[in-house]
2 protein chains.
Amino acid sequence: MFISFDFQSDAPIYVQLRNKIIEGIASKQLNPGDPLPSVRNLAKDLGVNMHTINKAYQLLKTDGFIQIHRQRGVVINPDGFPEVTTDFLEKVEEELRPLIAEAICRGMSQEDIRRLCDNLYHQVKEEGAEE
Amino acid sequence: MFISFDFQSDAPIYVQLRNKIIEGIASKQLNPGDPLPSVRNLAKDLGVNMHTINKAYQLLKTDGFIQIHRQRGVVINPDGFPEVTTDFLEKVEEELRPLIAEAICRGMSQEDIRRLCDNLYHQVKEEGAEE
DNA sequence: TTAACTGTTCTATAATAAATATAACAAATA
DNA sequence: TATTTGTTATATTTATTATAGAACAGTTAA
């Protein structure tokens, strides 16, 4: 598995896991229809509690990134992924605005910020190419 | 004051306050040398505890956005603001990567993301112009 | 059928972070 | 002198996070 946690981070484990799986989808390491480990197996592999995994899966299910079939297991949503909702845009703005404000204070230009985003964009997209 | 809190947000009050002040600096509503209210007065105005304000001020002081003179009060740093440090870049990447990954999953192009950042950039910069 | 495994739900507990509440101190000012 | 400043200390309450163990209902494999 390509998943590990940063226990120094202030982000909760279940949020980190949710994000790692979304990054996996964005980089096409995880594709529609791909199976994910059961909550119990993944918990064992990663050395965390079953409920922590389940919490992350519930978030992903609610947002439409994965499907959970009663006893067949967990799969990356085969029917495609959610659109750009207003909820998502609001979340992005709430988290991005402080970062951009601080970047401005520290003297970054619009070009600097654009470059930073572009770099991250490609970094995420081409994560499956390395290794 | 231009400060209010979103009690629905999962961001702690002292973090929200820190960010609002940084946004104030970025939009030039707050300029080098400008005084900030005392911890007690601001706490009273905003209806929160003194220690919550103090926590935000300490963060801003540590990062170099404000100066705190023993009994003269709190001022926006008159000697300029901190550079783009590696700590800051690491924080940006840690918070921005999941947002960009999710944006990609939801079908946003590099151009879409760039536009979103540009919009926020101007929105922050021209916050002082309205009203 | 039996046994093992699935997601789901429930109750409980421990650890940590966030916010509040008082109180006190030392330095500066009005 | 009296007030205000930032700072520090202790204490309490609340919410979140993570863990623990157990049970249930449906599915699959032996």
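Throughout, protein chains are lettered first and strands after them, A, B, ... in sequence-line order, and every chain is numbered starting at 1.
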Note to self: How would you summarise protein contacts on nucleotides 19-28 of chain D per nucleotide, using B for base, S for sugar-phosphate only and - for none, with heavy-atom distances below 4.0 Å?
What the structure shows: BBBBB-BBS-
Notebook entry, point to check: Residues in side chain to side chain contact (heavy atoms under 4.5 Å, CB included) with A:Pro32, at least two apart?
Noted result: A:Phe81
Check: When the distance from CG of A:Asp6 to P of D:dT17 is rounded to whole Å, what number comes out?
Finding: 17 Å
Next item on the list: Check the distance between D:dT8's C1' and B:Lys61's NZ and give it to me in whole angstrom.
Entry: 12 Å
Item checked: Shared-cluster residues of A:Val75, by chain and number - hydrophobic side chains joined below 4.5 Å -> none
Margin query: Measure CD1/B:Ile68 against P/D:dT8 and give the value in whole Å, please.
Written below: 10 Å
Item checked: Residue pairs involving residues 80-95 of chain A (criterion salt bridge (Lys or Arg N to Asp or Glu O under 4.0 Å); sequence neighbours excluded) -> A:Lys91-B:Glu102
Note to self: Need one value for A:Gln67: base, sugar-phosphate or nothing, where a base atom within 4.0 Å counts as base even if backbone is also close, heavy atoms only.
What the structure shows: nothing
Notebook entry, point to check: Of all residues at least two apart in sequence or in a different chain, which pass the side chain to side chain contact (heavy atoms under 4.5 Å, CB included) check with A:His122?
Noted result: A:Glu126, B:Gln110
Notebook entry, point to check: Which other residues end up in the same hydrophobic cluster as B:Tyr14, if Ile, Leu, Val, Met, Phe, Trp and Tyr are linked when side-chain heavy atoms come under 4.5 Å apart?
Noted result: B:Val15, B:Leu59
Check: Which residues pass the side chain to side chain contact (heavy atoms under 4.5 Å, CB included) test with A:Pro35, sequence neighbours left out?
Finding: none
Next item on the list: Please figure out whether A:Val15 or B:Asn41 has its closest DNA chain D nucleotide nearer the 5' end.
Entry: B:Asn41
Margin query: Once salt bridge (Lys or Arg N to Asp or Glu O under 4.0 Å) is applied, what residue pairs with a partner in residues 57-67 of chain B remain, sequence neighbours excluded?
Written below: B:Arg18-B:Asp63
Margin query: Both atom distances under 3.5 Å, Watson-Crick or G-U wobble: I'd like the secondary structure of DNA chain D as a dot-bracket string, with | for pairs made across strands.
Written below: ||||.|||||||||||||||||||.|||||
Notebook entry, point to check: CD/A:Gln58 to CG/A:Leu60 distance, rounded to the nearest 0.5 angstrom?
Noted result: 9.5 Å
Notebook entry, point to check: Do you know which two heavy atoms are closest between A:Ala103 and A:Ile113, and how far apart they sit?
Noted result: CB-CD1, 4.1 Å
Margin query: Under the rule for salt bridge (charged side-chain N to carboxylate O under 4.0 Å, His left out), what residues qualify as partners of B:Asp118, not counting sequence neighbours?
Written below: A:Arg114
Check: Sequence neighbours excluded, which residues qualify as salt bridge (charged side-chain N to carboxylate O under 4.0 Å, His left out) partners of B:Asp112?
Finding: B:Arg115
Notebook entry, point to check: When the distance from NZ of B:Lys44 to C1' of D:dG6 is rounded to whole Å, what number comes out?
Noted result: 18 Å
Margin query: Distance under 4.0 Å to a non-hydrogen atom of chain B counts as contact; along DNA chain C, which nucleotides mark the start and end?
Written below: C:dA18 to C:dA28
Next item on the list: Measure the distance from CG on A:Asp10 to P on D:dT17 and round it to the nearest whole Å.
Entry: 12 Å
Check: When we call it a touch if two heavy atoms are under 4.0 Å apart, what does B:Tyr57 touch: a base, just sugar-phosphate, or nothing?
Finding: nothing
